[in-house]
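Contents: one structure, followed by commentary.
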Number of protein chains: 2
Amino acid sequence: MKDISQKLIGLLHRGYATPQIARIAKRLKEPSTTIHYNIKKLENEGQVKAYKAVFDYKKIEQGFCAYVLLNFSPDEYGDPERIGRELAKYEEIESVDIITGDWEMVIKVRANDQDAYYEFVKSVISRKGVSKITTLMSLKQIKTEFVEL
Amino acid sequence: MKDISQKLIGLLHRGYATPQIARIAKRLKEPSTTIHYNIKKLENEGQVKAYKAVFDYKKIEQGFCAYVLLNFSPDEYGDPERIGRELAKYEEIESVDIITGDWEMVIKVRANDQDAYYEFVKSVISRKGVSKITTLMSLKQIKTEFVEL
DNA sequence: CTAATTATTTGAATTTTATTCAATAAGATA
DNA sequence: TATCTTATTGAATAAAATTCAAATAATTAG
């Protein structure tokens with residue numbers, strides 16, 4: 001047996017989906033060629049970054065979720081944006097923002113469980129340049145990626 | 001002229017997309033019927049909640065983004081989860097989580113600009129039961145919804 | 001352990017959908 | 001107004017999804 005589902009989840013995570021032109025056309029009561037034209041326009045103008053799946057993360061062994069607030073030491077490795085772009089490469093990280101206020105960055109992290117999260121923090125997030133880490137652990141995810149759960 | 005793009009953005013926000021079976025099949029070097037079978041299985045088991053677009057929010061007049069940390073007064077209107085589900089209905093709100101620690105809830109909000117955000121906080125987020133609001137305003141969005149910007 | 005049952009894989013045929021193309025219409029510009 | 005650009009749309013084509021039936025693999029029951 002091939003285990004295809006994990007590969008599918010991996011691909012659908014960030015892309016490998018496409019708009020349903022015919023369904024949108026029916027819904028908006030417009031010809032599908034009009035919808036097609038307008039969607040391609042949105043894509044060509046860069047307004048659409050990707051089409052992707054949103055998962056029930058509990059069911060795909062990614063039930064643990066936390067928001068992590070970070071501070072950086074002012075001296076070493078300086079640039080928070082560079083660090084942010086490096087962190088963004090990890091597929092465990094859903095979002096990365098540089099923010100105002102008492103913290104400099106907030107990242108949203110998903111993991112299988114608290115142990116996996118702890119390992120991820122230890123190996124990836126804790127690093128030279130990070131001076132303080134505050135974890136806001138999600139007890140109940142009500143909405144994510146604009147999709148209600 | 002019809003302004004279709006706003007309607008498209010509205011629909012593609014939460015759904016109206018579908019997986020690209022043929023492209024996935026090529027990528028994984030499997031027959032498209034096998035991919036089809038496995039994707040339907042994921043869907044039927046409820047592992048996939050939706051297929052949707054991710055936008056370049058600056059380009060669709062949703063450039064403002066903030067994480068809002070909330071506390072509730074213990075007495076009135078009690079249930080944070082109920083409040084969370086009500087907030088989740090607003091399309092301006094990308095995510096809602098009930099969390100551990102100094103705050104009880106974190107929501108991620110998008111708006112056209114700071115003024116629109118302020119109006120949204122005034123009219124929707126501030127309400128009986130909310131005792132404290134802390135805004136972490138995003139200065140730079142590096143990754144969102146698992147998509148790098 | 002073996003038989004029976006269930007789940008998965010796959011090619012061929014069919015149905016549906018996306019895409020291309022050309023003509024027209026609408027809007028913008030000079 | 002005349003000209004150029006952008007948007008809409010139907011018809012034709014190309015591509016993709018879906019259905020179906022058969023074969024294979026995995027699991028379960030006896």
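Lettering of chains follows the sequences in order, A, B, ..., and the numbering in each one begins at 1.
Each of C:dA12, D:dA17, D:dT9 was ranked by its minimum atom distance to the side chain of B:A22; first place goes to D:dA17. Between C:dA18, D:dT8, D:dA11, one nucleotide has an atom nearer to the side chain of A:T34 than all others, and that is D:dT8.
If you take CG of B:L8 and C1' of C:dA18, they are 15 Å apart, rounded to a whole angstrom. Straight-line distance from the NZ atom of A:K41 to the P atom of C:dG27: 14 Å, rounded to whole Å. Rounded to a whole Å, the CG atom of B:N38 is 11 Å from the C1' atom of C:dA7. Between the CD1 atom of B:I21 and the C1' atom of C:dT15 there is a distance of 14 Å, rounded to whole Å. Spacing between atom OH of B:Y16 and atom C1' of C:dA18 amounts to 18 Å, rounded to whole angstrom units. One atom, OH of B:Y37, and another, C1' of D:dA22, lie 15 Å apart when rounded to the nearest Å. For B:I35 and D:dA17, the CD1 to P distance is 11 Å, given to the nearest whole Å. Taking atom CZ on A:R23 and atom P on D:dT18, their separation rounds to 12 Å, with Å as the unit.
Judged by distance alone, the side chains of B:E43 and B:Y51 do bring a donor and an acceptor atom under 3.5 Å apart. A:T144 and A:K108 share a donor-acceptor pair across their side chains, judged by distance under 3.5 Å alone.
Across the interface with DNA chain C, nearest-nucleotide mapping of A:K40 and A:D3 shows A:D3 to be the residue nearer the 5′ end. Nearest-nucleotide positions on DNA chain C for B:E30 and B:T18 put B:E30 closer to the 5' end.
Neither OP1 nor OP2 of C:dA18 sits under 4.0 Å from any side-chain N or O of A:H36.
The pair A:K89-B:E148 meets the salt-bridge criterion, since a charged nitrogen lies less than 4.0 angstrom from a carboxylate oxygen.
Cation-pi check for A:R110 over A:Y57 is met; the charged atom lies under 6.0 angstrom from the ring centroid and within 45 degrees of its normal.
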